[in-house]
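Positions are given from 1, in the same order as the sequence printed here.
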Amino acid sequence: GTFIAIRSVHADWAYKFVVNEGKSYIISDNRVEPVQVDSIIGEVTKYSDFEDTYSGNFSNHFPKGTNYYNIKGVNTNQAIAIKLSDGTFIKAIYNGEYAGRTSFKWTNVLWSIAGLFLLAIVTFFVIKKKK
């Protein structure tokens with residue numbers, strides 16, 4: 001028999017992005033002044049331009065070892081700074097949780113099933129009562 005591999009791709013590869021601690025950031029064209037840059041919060045641990053979902057601090061644009069920084073007065077749920085190879089910094093804007101392999105939680109699936117099951121029971125009794 002023929003085996004067909006089906007890959008579900010969550011990532012939208014229409015733009016350059018990085019992932020840090022499970023959060024996805026879109027690379028903007030906005031520069032960040034060095035005085036605005038705070039401490040290192042992470043780095044790229046995996047680079048790939050192959051369209052798939054990856055775990056870890058992944059980027060489809062920046063090489064492994066590229067550092068991520070806090071921007072002074074800016075929450076990491078808004079934006080972070082990325083150090084480019086020429087030593088300048090660019091802003092990456094928060095785009096929600098990254099739908100990589102690590103974000104899949106069985107507990108969420110089980111709760112969903114339990115919820116549907118409960119709904120089915122309630123519906124069954126409501127219908128039974130009406131008769």
Side-chain angles (χ1 to χ4, degrees):
T2 52
F3 174 73
I4 300 162
I6 298 166
R7 278 190 317 156
S8 65
V9 178
H10 300 287
D12 179 354
W13 292 63
Y15 48 75
K16 303 166 191 168
F17 69 89
V18 297
V19 175
N20 186 51
E21 304 292 337
K23 294 180 170 79
S24 167
Y25 298 86
I26 299 172
I27 310 307
S28 73
D29 297 323
N30 304 335
R31 294 279 163 151
V32 179
E33 293 305 313
V35 292
Q36 294 176 278
V37 176
D38 210 1
S39 53
I40 291 183
I41 52 167
E43 64 170 44
V44 176
T45 54
K46 183 172 179 65
Y47 162 79
S48 177
D49 57 3
F50 182 70
E51 195 159 329
D52 200 350
T53 53
Y54 298 95
S55 57
N57 291 351
F58 166 69
S59 179
N60 69 346
H61 182 67
F62 294 106
K64 190 176 166 178
T66 301
N67 287 330
Y68 307 147
Y69 293 81
N70 267 333
I71 302 170
K72 284 173 190 165
V74 178
N75 194 298
T76 54
N77 283 346
Q78 292 175 307
I80 59 171
I82 291 155
K83 192 172 191 175
L84 305 181
S85 53
D86 64 1
T88 60
F89 297 91
I90 201 151
K91 189 184 273 190
I93 293 145
Y94 181 59
N95 187 44
E97 294 294 312
Y98 176 62
R101 294 192 183 121
T102 49
S103 66
F104 181 79
K105 293 186 181 75
W106 271 108
T107 47
N108 294 355
V109 176
L110 293 171
W111 277 115
S112 302
I113 293 165
L116 287 169
F117 191 67
L118 197 68
L119 194 70
I121 293 168
V122 170
T123 308
F124 174 76
F125 280 115
V126 167
I127 291 166
K128 208 175 170 188
K129 216 177 214 176
K130 279 184 179 169
K131 284 181 179 175

Please lay out, stage by stage, how V18 and I82 fare under the test side chain to side chain contact (heavy atoms under 4.5 Å, CB included). CA-CA 9 Å; V18 297; I82 291 155; 3.7 Å; yes
Tell me, with the steps shown, if Y68 and E43 meet side chain to side chain contact (heavy atoms under 4.5 Å, CB included). CA-CA 5 Å; Y68 307 147; E43 64 170 44; 5.7 Å; no
Output, in order, the C-alpha distance, side-chain angles, deciding distance and verdict of side chain to side chain contact (heavy atoms under 4.5 Å, CB included) for N20 and I41. CA-CA 8 Å; N20 186 51; I41 52 167; 3.6 Å; yes
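Between S48 atom OG and N60 atom CG the span is 8.5 Å, to the nearest 0.5 Å. Distance CD/E97 to NZ/K23: 6.0 Å, rounded to 0.5 Å. Taken from NZ in K46 to OG in S59, the straight-line distance is 12.0 Å, to the nearest 0.5 Å. The distance from the CD1 atom of I80 to the CG atom of N67 is 10.5 Å, given to the nearest 0.5 Å. Note that the CD atom of Q78 and the CD1 atom of I71 stand 9.5 Å from one another [nearest 0.5 Å]. Separation of atoms CG (N30) and CZ (F89) is listed at 15.5 Å; rounding is to 0.5 Å.
Ring orientation note: the planes of Y98 and F58 are tilted relative to one another, at an angle of 30° to 60°.
Side-chain contact, N95 with Y15: a donor N or O sits under 3.5 Å from an acceptor N or O.
For F17 and Y25, the ring centers are positioned 6.0 Å apart or more.
Between R31 and D86, the closest heavy-atom pair is NH1-OD2, 4.3 Å. Smallest separation of non-hydrogen atoms from V37 and A81: CG2-CB, 4.3 Å. Between T45 and G56, the closest heavy-atom pair is OG1-C, 3.9 Å. For the pair N57 and G42, the tightest heavy-atom approach, listed with the atom from each and the gap, is ND2-CA, 4.5 Å. Residues L84 and I90 come closest through the heavy atom pair CD2-CG2, 3.7 Å.
V19 and Y47 are not part of a single hydrophobic cluster, where members link through side-chain heavy atoms under 4.5 Å apart. Cluster membership for V32 and V74, using ILVMFWY side-chain heavy atoms within less than 4.5 angstrom, is shared. Clustering ILVMFWY residues whenever any of their side-chain heavy atoms sit less than 4.5 angstrom apart, transitively, puts F117 in the very cluster that holds F125.
Between the side chain of T66 and the backbone N or O of F62, no donor-acceptor pair lies under 3.5 Å.
Contact of the T76 side chain with the Y94 side chain is not registered, since no non-hydrogen atoms from C-beta on lie closer than 4.5 Å.
Surrounding NZ of K64 are at most 12 heavy atoms belonging to other residues, nucleotides or ligands under 6.0 Å away.
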